[in-house]
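Reviewing the structure listed below.
What you see below is based on every heavy atom in this structure, not just the backbone, and it leaves out hydrogens, waters and symmetry mates. Within every chain, numbering begins at 1; the chains are lettered A, B, ... in the order of the sequence lines, protein sequences first and strands thereafter.
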2 protein chains.
Amino acid sequence: MEANATIIKEGAPLDCVHVMHMGWACRYNIMKDGKRQISAFLLPGDVCESTPMHGTLIDYSVCTLTPSLVKPISIEGPLGFAQPFDQMQSILSGSLLEQRLLRAWLANVGRRNAYNRVAWLICELHVRLSILGLADETGFDCPLTQEVIADAVGLTSVHVNRVMKQFRNENLFSFRSGRVAFVGVEKIRKLCGFDPAYLHLDLAQHIKTTPTRRPQLSDCP
Amino acid sequence: MEANATIIKEGAPLDCVHVMHMGWACRYNIMKDGKRQISAFLLPGDVCESTPMHGTLIDYSVCTLTPSLVKPISIEGPLGFAQPFDQMQSILSGSLLEQRLLRAWLANVGRRNAYNRVAWLICELHVRLSILGLADETGFDCPLTQEVIADAVGLTSVHVNRVMKQFRNENLFSFRSGRVAFVGVEKIRKLCGFDPAYLHLDLAQHIKTTPTRRPQLSDCP
DNA sequence: CGAGAAATTGAGCCATCTCAAAGGAGGTGG
DNA sequence: CCACCTCCTTTGAGATGGCTCAATTTCTCG
């Protein structure tokens with residue numbers, strides 16, 4: 001799929017599950033006044049549907065942020081029918097993980113200032129990408145626009161820009177031309193109160209459908 | 001239970017489910033700097049555990065806000081074992097609803113100003129309480145402190161107070177001595193962009209464990 | 001009636017927003 | 001390979017919404 005392609009439209013009934021194989025996407029809502037709130041970033045291995053229950057009306061939209069490989073998986077009939085228990089379990093784990101992320105995001109937006117908010121998001125992305133083998137201590141490739149980041153953390157793109165500049169000046173990390181380059185991750189985590197364990201990301205394994213070695217973003221043409 | 005009693009402590013493993021029968025509670029997280037973010041209000045009929053999966057580590061705390069009647073229900077063994085499918089289904093529906101609420105809250109905190117944010121929360125509470133028969137067009141009893149509201153919507157209690165004053169002056173509703181008294185609900189919904197359908201609250205029925213007629217808050221001593 | 005909690009109010013500050021313009025960077029047609 | 005276009009980033013200036021701090025008043029309840 002192209003960058004900026006719609007995968008899921010708010011209000012549609014769920015009849016099929018989309019798994020990200022390559023590329024980035026985001027889950028979001030558009031408010032009456034046109035503002036957008038992003039509620040999740042979807043990375044390789046993630047499922048676009050936050051709770052893949054057949055027939056439910058979806059309360060968010062999903063679109064790609066980069067060229068992506070998205071695999072749709074059809075669901076036959078209502079869940080809990082013809083579906084092994086294990087699968088149900090793993091859907092539940094996935095749903096649990098989504099909730100944890102959402103609560104963490106809510107706290108991030110509700111109770112941190114712009115500076116820590118952005119730093120925290122960077123830390124989260126770093127952890128998640130590390131698990132996928134898409135990040136290391138030096139940093140990671142990040143296709144996010146400052147405006148996208150702004151919509152995720154409840155700020156203005158202008159202000160995100162200023163905060164980024166501050167990070168650069170303070171020699172914490174730089175975010176330029178699609179790459180987040182760390183100077184020291186620990187320092188960043190400390191200042192924004194990021195706890196890498198908060199997600200219990202071991203759980204994430206349950207919902208991954210692809211093998212341990214994930215496709216690299218760099219594999220992409 | 002007393003008001004202000006802890007029902008669930010963050011970090012504990014889930015081994016039992018708590019159903020609210022009477023009174024209000026809230027789910028929250030305390031941040032490293034001591035700030036609190038409330039992520040949900042729990043009303044009669046609600047389950048304190050947002051995803052009752054046995055053994056999972058809970059990433060939030062829950063405490064009562066009023067004197068409450070809370071019924072613990074033990075879970076025998078891991079979920080999906082000795083549990084009928086229907087139950088699993090309803091846990092999943094519950095989890096889905098929690099997610100919808102969380103996304104709505106995130107958008108509320110991330111993308112609305114103080115005024116609309118508080119108005120929106122009031123609207124949500126009104127809808128949920130209406131379903132329980134605890135609210136009507138004239139308003140509802142609301143035991144929330146301005147500080148609690150502030151912690152839910154990412155503001156300061158001082159500022160919540162000023163916003164409340166504005167609502168009063170503009171003749172939209174008043175919030176005094178534990179009662180939200182509407183002048184006109186529709187006007188409020190319109191101004192803050194509240195859509196009563198967003199939660200698909202019909203779904204809520206799935207996770208309720210108590211009969212249609214709920215205990216009234218006013219039944220409480 | 002007294003004590004503690006919650007609500008209210010004022011004054012001043014500053015974080016973040018808005019508006020606007022200017023500078024890259026990559027992509028495409030000629 | 002250049003000119004141009006578009007999208008993104010960067011920067012400035014000024015406005016303001018929401019915060020902090022602190023004092024006062026009102027409620028609630030024993």
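Contact annotation: B:Q146 does not reach the phosphate of C:dA5 (side-chain N/O to OP1 or OP2, under 4.0 Å).
When the nearest nucleotides of DNA chain D are assigned to A:M164 and A:R111 by heavy-atom distance, the more 5′-ward of the two goes with A:M164.
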Nucleotide N/O of nucleotides 18-27 of chain C paired with protein N/O under 3.5 Å:
unit_1, atom_1, unit_2, atom_2, d
C:dT18, O4, A:R162, NH2, 3.3

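Counting 5' to 3', DNA chain D first comes under 4.0 angstrom of a heavy atom of chain B and last does so at the ends given by D:dG18 to D:dT28.
Distance CG/A:L191 to OH/A:Y115: 4.5 Å, rounded to 0.5 Å. Rounded to the nearest 0.5 Å, atoms CH2 (B:W24) and SG (B:C63) are 13.5 Å apart. In this structure, the separation between OG on B:S50 and CD1 on B:I58 is 8.0 Å, given to the nearest 0.5 Å.
Taking the six-membered ring where the residue is Trp, B:F182 and B:F140 present perpendicular rings, their angle passing 60° and hence far from 30°.
For the pair B:N4 CG and C:dA6 C1', the interatomic distance rounds to 13 Å; values are reported in whole Å. Taking atom CD of B:E147 as the reference point, atom C1' of C:dG4 lies 14 Å away to the nearest angstrom. Rounded to an integer number of Å, the gap from B:I149 CD1 to C:dT8 P is 11 Å. Atom CG in B:L65 sits roughly 17 Å away from atom P in C:dA5 (whole-Å rounding). Across the protein-nucleic acid pair, A:N161 atom CG and C:dT16 atom P stand 14 Å apart, rounded to whole Å.
Counting heavy atoms from C-beta on, the side chains of A:M164 and A:F173 come closer than 4.5 Å.
Remark: A:R27 is positioned above the aromatic ring of A:Y60, its terminal NZ or CZ atom under 6.0 angstrom from the ring centre and at most 45 degrees off the axis.
Among the candidates A:R36, A:Q37, A:Q146, the single residue satisfying the side-chain hydrogen bond (donor to acceptor under 3.5 Å, both in side chains) test with A:D151 is A:R36.
Between the side chains of B:S95 and A:Q99, at least one donor N or O sits under 3.5 Å from an acceptor N or O.
Listed here is the closest heavy atom pair of A:L57 and A:G11: CD2-O, 3.8 Å.
Among the protein residues, A:R117 comes within range of no part of the nucleic acid, since none of its heavy atoms lies under 4.0 Å from any strand.
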